[in-house]
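Only this structure's heavy atoms are used, side chains among them; waters, hydrogens and symmetry mates stay out.
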Amino acid sequence: MSNDSPIRTRVTTSHWGAFEVQTRGDRIIATAPFAADPEPTAIPDILPQAVHHRSRVLRPSIRRGWLERGDRHTRGEDDFIELPWDEALDIAAAEIERVRKTHGNNAIFGGSYGWSSAGRFHHAQSQVHRFLNSIGGYVASFGSYSTGCAQAIMPHVFGIPFLQYNYGSQDSWQTIADNTRTLVMFGGINPKNSQVSMGGITEHETGSWFERLRAGGMRCINIGPQRTDAPGGCDWLALRPGSDTALMLALAHVLEEEGLTDHAFLDRYTTGFDRFRPYLMGQADGQPKSPDWAAPLCGVSPEEIRALARRMASTRTLITVAWSLQRGHHGEQPYWMSAVLAAMLGQIGLPGGGVGYGYGAIGGIGRSMKRLSGMTLDQGQNPISEVIPVARVADMLLNPGAPYDFNGKRDPYPDIRLVYWAGGNPFHHHQDLNRFHEAWKCPETVIVNEPWWTATAQRADIVFPATTPYEREDIGRSTMDDYLFHMPALIPPVGEARDDYDIFAGLATRLGAEEGFTEGRSSADWIRYLYEGYATEAAAEGIDVPDLDTLRDRNWVRLPIKESEAPPSFLARFRADPEGRALATPSGRIEIFSDTVAGFGYDDCPGHPVWLPPQEWLGAATQDAPLHLVSPQPGDKLHSQLEAALADVAGARPETLVINPADASARGIATGDLLRVFNGRGACHARALVSDDITPGVVALPTGAWYAGSRSNIDPHGNPNVLTQDVGTSRLGQGCSAHTALVDVAKL
């Protein structure tokens, strides 16, 4: 590439929003913020280094031990042999066919996450699932690591799929600003997390909304272990991790004891309070759930609890609950109890009142848009019925045939012989990675499509080099955003990388499924086909979108779909007409007590919300590992994306651990010190940041560092998931319990 080559600037979008990209020849050389973004994120700054990083997978690669001996036990330790595309595809297709014929399609696990690209066609999860369905199906997974527990429990409470509640049935920021007087944020609302959103968020505005909320006199209360989980200026109620349910119960106890409960609301709109109240007041078990009971559990004084309950009852109050609360042992309980607490206040369905979930978890929640469907690649029908909770992958691989409970059903784990993963890095987001490392040795074959040599790619048998979103054409849109983008191919594919679609088309051809997978279309054909369907749907809604060629020329357009006022939520409609708009629960009401859940007979998730101490708090673990570990999302990237280049930045790795001055002083730790963070599951290195923005007894280590350890050594980069426990939230939800972990820290 000559330095005399012209520099070209175009706009593309991503899960962290739109940005300008400068290219020269076949290289990305710089990025710049999108002009219309009021609070642009710095995530794309590292993009040029990441796309051209030495860790890119350049050619199809097959692990030597698997190719020569069928060995499964040296994954993560072996070297790879590069092969021509045709030869590698032949080998992969033959192995898929062997597993299908010998063990059936229910021996194939189709793993993927949807975060690999904001583009609508090159969506890795849709691509791999469409391919596997075209050849007879696969074992699928339910939910996500972010919200799997809530997705299981909340339909029992409100009768609506949890994600539908999150994205389409909550108050807008404008409604909150106009009506809410007290904003009670369990787990905070963090602008860092709202940098990203599925499909992208173009105008980042969470921080500016908080400026308006406070300027309007609203009191915003951040309840959690870190002051930084909410914007500056919010009150902070420091809370022990995992104790939110105890605090909610104590607030409810004050309401009931002081005559502040709205019993008229409970009588008309809910069912089961009469069966919950004896537990709340201590008549059922001899222990009133009073502020004096809760204070030593959660670290908040009885006086503060009483004052907060009285304020919540005397003002228009919105309770918000972060996704992080259900990512802990018994994560069903704070979610269910938050709904009960809001019902007792009687404000559910009122503008700016009641309870909301996921504000700040991703960008877009709280924005009001006219919904436009379309531009989704059809994944086809999966003939295989087996579905596991998404966070139970290691259990499935280690225990084929063993029974497990999930949301009222009891099934055996399938016997997985082949894993196909595209568009994700489970060695980033799964818990207890050393255990997962051992479980990953169980399948006979692991195939991965991946742009970089992540920990997952390093532990695969066949690795196909996949393009990044900057090396292929696509369309960017989100139902929570009013911008529409043409995402041009900014540079040619790096090395011999191919699009996921072309990889799967090559495999489908070899397996006799080409027509079912491609329907005779190329990638360009599919993009045009999906876009034209989207334009037709938009026209039916009175929205004019440019034709595809015009969008290519313009690069992006802003659509007239942003609404100044959100339509009434489903709970507002229910409040106005509880009979005509009955909820899809068995009672038609909000279920404080659920006969359905009680009928499951789970002692770890009974028929109404209860306080259940997290497993990690019990036994000797607290003596050996006295510090609570929380593992928040990173601020400098999305999950583990772009990590390869970030790890090259001086001082960036190992990852930074935040520790309170009292805990640091007791261990002789100062800011900048290198640390060993450890418990019985593993250990990792970290770099200390001493701060009073975290409560004593708690440390925070962000996720995202690439896993490089096993039980025989210490993870050098600072991945907290070598320390987190891999147990389900309960037999009902079976979500991940990442935020229920105890550790100790020592200076190196």
Side-chain angles (χ1 to χ4, degrees), residues 147 149-166 169-171 183-187 223 244-253 255-256 261-263 265-277 279-280 289 309 312-313 317-323 325-326 330-350 352-359 361 365 569-575 578 582-598 605-612 729-730 732-733 735:
T147 61
C149 170
Q151 286 177 262
I153 184 62
M154 295 314 289
H156 293 293
V157 182
F158 286 128
I160 185 174
F162 177 70
L163 295 184
Q164 182 180 337
Y165 184 105
N166 257 235
S169 300
Q170 301 199 98
D171 282 343
L183 183 63
V184 179
M185 302 172 286
F186 284 92
I223 301 177
D244 303 82
T245 304
L247 176 57
M248 293 177 191
L249 284 164
L251 292 167
H253 188 277
L255 298 180
E256 186 66 6
T261 302
D262 188 337
H263 283 280
F265 180 90
L266 294 177
D267 291 343
R268 188 172 187 198
Y269 299 102
T270 76
T271 184
F273 184 76
D274 58 328
R275 301 172 76 176
F276 168 73
R277 188 182 186 282
Y279 170 79
L280 177 68
K289 310 310 176 291
M312 292 170 71
T317 296
L318 177 64
I319 301 166
T320 65
V321 186
W323 286 355
L325 266 67
Q326 49 88 61
H330 308 308
E332 297 82 2
Q333 303 309 314
Y335 261 56
W336 197 349
M337 186 57 214
S338 64
V340 174
L341 179 59
M344 292 177 66
L345 289 169
Q347 299 186 26
I348 290 177
L350 295 177
V355 62
Y357 300 96
Y359 287 96
I365 295 178
S569 69
F570 84 105
L571 287 174
R573 296 191 296 271
F574 166 66
R575 184 184 183 110
L583 303 181
T585 56
S587 66
R589 301 179 177 188
I590 299 166
E591 302 230 336
I592 293 174
F593 185 98
S594 168
D595 285 311
T596 300
V597 173
C605 190
H608 61 71
V610 296
W611 164 249
L612 294 169
T729 50
S730 78
L732 184 137

Test item: [X] side-chain N/O and [Y] main-chain N/O as donor-acceptor pair under 3.5 Å:
X      : Y      : answer
Tyr335 : Gln151 : no
Ser594 : Glu591 : no
Asp244 : Pro334 : no
Glu332 : Ile153 : no
Arg589 : Phe158 : no
Gln333 : His330 : no
Thr261 : His263 : no

Do [X] and [Y] have side-chain heavy atoms sitting under 4.5 Å apart?
X      : Y      : value
Ile319 : Met312 : yes
Ile590 : Thr271 : no
Leu325 : Thr245 : no
Val355 : Val321 : yes

Set out, in order, the CA-CA distance, both residues' side-chain angles and the distance that settles side chain to side chain contact (heavy atoms under 4.5 Å, CB included) for Tyr357 and Met154, then state yes or no. CA-CA 11 Å; Tyr357 300 96; Met154 295 314 289; 3.5 Å; yes
For a quick test of reading the model, state the closest non-hydrogen atom pair linking [X] to [Y] and the distance between them.
X      : Y      : value
Met337 : Ala252 : CE-CB, 3.7 Å
Pro586 : Thr596 : CG-OG1, 3.7 Å
Leu350 : Asp171 : O-OD2, 3.9 Å
Val597 : Cys605 : CG1-O, 3.5 Å
Gly346 : Asp262 : CA-OD2, 3.6 Å
Pro609 : Val340 : CG-CG2, 3.7 Å

Could you walk me through whether Val157 and Thr585 pass the side chain to side chain contact (heavy atoms under 4.5 Å, CB included) check? CA-CA 7 Å; Val157 182; Thr585 56; over 6 Å; no
What do you reckon, are the aromatic ring centroids of Phe570 and Tyr165 less than 6.0 Å apart?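 Yes.
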Between [atom1] of [X] and [atom2] of [Y], what distance do you get to the nearest 0.5 Å?
X      : Y      : atom1 : atom2 : result
Leu255 : Leu341 : CG    : CG    : 6.0 Å
Phe593 : Thr270 : CZ    : OG1   : 13.0 Å
Leu583 : Ile160 : CG    : CD1   : 8.5 Å
Leu251 : Lys289 : CG    : NZ    : 14.5 Å
Leu612 : Thr729 : CG    : OG1   : 11.5 Å
Trp336 : Met248 : CH2   : CE    : 14.0 Å

Let me see the working for Asp595 and Arg275 under salt bridge (charged side-chain N to carboxylate O under 4.0 Å, His left out), right down to the final yes or no. CA-CA 11 Å; Asp595 285 311; Arg275 301 172 76 176; 2.9 Å; yes
Who are the salt bridge (Lys or Arg N to Asp or Glu O under 4.0 Å) partners of Arg575, not counting sequence neighbours?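 Testing Arg575 for salt bridge (Lys or Arg N to Asp or Glu O under 4.0 Å), a comparison that skips the adjacent residues, returns none.
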Run the numbers on Ile348 and Phe265 for side chain to side chain contact (heavy atoms under 4.5 Å, CB included), then give the verdict. CA-CA 9 Å; Ile348 290 177; Phe265 180 90; 3.7 Å; yes
Determine whether Tyr279 and Trp611 satisfy the following criterion, side chain to side chain contact (heavy atoms under 4.5 Å, CB included), listing intermediate values before the conclusion. CA-CA 10 Å; Tyr279 170 79; Trp611 164 249; 3.7 Å; yes
